[in-house]
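What you see is a predicted model; the values in this text were computed from it and never measured. Numbers restart at 1 for each chain; the letters A, B, ... are given by sequence-line order, proteins then strands.
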Number of protein chains: 2
Amino acid sequence: MKFDPVLFAKAIADETRQKIMGECCCNWLSVSEIVEKVGFTQPTISHHLAILRDANLVKIREEGKQTFYSLNQEYIAVCCGQIMVKFAPETSVTENLLKVINQ
Amino acid sequence: MKFDPVLFAKAIADETRQKIMGECCCNWLSVSEIVEKVGFTQPTISHHLAILRDANLVKIREEGKQTFYSLNQEYIAVCCGQIMVKFAPETSVTENLLKVINQ
DNA sequence: TTATTATATAGACAAACGTCTATTTGTCAA
DNA sequence: TTGACAAATAGACGTTTGTCTATATAATAA
């Protein structure tokens, strides 16, 4: 998956999607469970999940009738790292990040 | 400045603004210089600069008739770090980042 | 003062976006 | 095969966003 900083930013640039991301950050949730936790209609949640999926920000596991989603933490870390390298290259935080990555 | 992950994401979620950010990442540019480099009208560039300013992503220096902008790299690094901690806490990259920050 | 230059602000307009209801698709149980 | 449930898709609708032109504000030069 090629990194696109605008696509990534657009995907996370919404209150509802960030709520969804928070809910399925460290665990797998079905769509219905996310609907319950976030509190919009099922189609609205599916719509947001599709945007997150298209940006590669969620992992998917189908199981019978249900579909489970979990945050793609590795890729999110990569995206944030790339943005730091691109827009904050002269900071110590980014320099340390690069040191760790290139070692 | 209180960190707001949605405000930050919205601010960088636009092609034109990311071009502007790239241009004034490591140097100070006047509005006219940015207009020249990015290629939209001056009011459009001013509009985007206002959004970046409201999100604390640019530093400003007024000098006579001109206003110079430069990326606020430190704050951008902080924002990316916060997003990593929030949405990618279980990755090694984030763990290293936290180690560096807390030392 | 008046003219010029640099930037910001106001307002218009089309495109993109977030939400909803209605419907479709796919899976499982009876 | 029928019925029920889970999720995705389609389409409508109001809101937000990005761009433009026109204008206002502020600083400098003549």
TODO: Would you mind reporting whether B/Glu23 and B/Leu29 have side-chain heavy atoms less than 4.5 Å apart?
DONE: yes
A/Lys10 atom NZ is separated from D/dT16 atom P, nearest whole Å, by 17 Å
In whole angstroms, the gap separating P of D/dT19 from CD1 of B/Ile45 amounts to 8 Å
Here the distance between atom C1' of C/dA6 and atom CD1 of B/Ile60, to the nearest Å, is 15 Å
Per atom distances to the A/Pro43 side chain, the nearest of D/dT19, D/dA10, C/dG18 is D/dA10
Original post:
Base, sugar-phosphate, or nothing for A/Ser46, non-hydrogen atoms under 4.0 angstrom?
Top reply: base
| message | Can you say whether a donor on the side chain of A/Gln66 sits under 3.5 Å from an acceptor on the base of D/dA7, or the other way round? | response | no
Hey, are B/Arg61 and B/Glu63 close enough for a salt bridge, meaning a charged N less than 4.0 Å from a carboxylate O? yes
note: B/Leu7, atom CG; D/dT16, atom C1'; distance rounded to Å ~ 15 Å
In whole angstroms, the gap separating P of D/dA7 from CZ of A/Phe68 amounts to 7 Å
Taken to the nearest whole Å, CG/B/Asp54 to P/D/dT17 is 12 Å
Discussion item. Any side-chain N or O of B/Thr67 below 4.0 angstrom from OP1/OP2 of C/dT7?
Written reply: no
### Query
Phosphate oxygens OP1/OP2 of D/dG18: is one of them under 4.0 Å from a side-chain N or O of B/Arg17?
yes
**Report entry** A/Ser32 side chain to A/Glu36 side chain, donor-acceptor N/O pair below 3.5 angstrom
**Finding:** no
Rounded to the nearest 0.5 Å, the CZ atom of A/Arg53 sits from the OH atom of A/Tyr69 at a distance of 4.5 Å
State whether a side-chain donor-acceptor pair under 3.5 Å links B/Ser46 with B/Gln42. yes
On DNA chain D, more 5' by nearest nucleotide between B/Thr44 and A/Thr44 is A/Thr44
So, does the side chain of B/Gln42 form a donor-acceptor pair with the base of C/dA6 at under 3.5 Å?
no
Assign each of A/Gly39 and B/Arg53 the nucleotide of DNA chain C bearing its closest heavy atom; nearer the 5' end lies the nucleotide of B/Arg53
Residue pair B/His47/A/Asp14 against DNA chain C: nearer the 5' end by closest nucleotide is B/His47
Between OH of B/Tyr69 and C1' of C/dT7 the distance, given in whole Å, is 8 Å
D/dT19, OP1 or OP2 - any side-chain N/O from B/Thr16 closer than 4.0 Å?
yes
Q) If only side-chain N and O atoms of B/Thr41 are considered, is one of them under 4.0 Å from the OP1 or OP2 phosphate oxygen of D/dC20? A) yes
Here the distance between atom C1' of C/dC28 and atom NZ of A/Lys65, to the nearest Å, is 5 Å
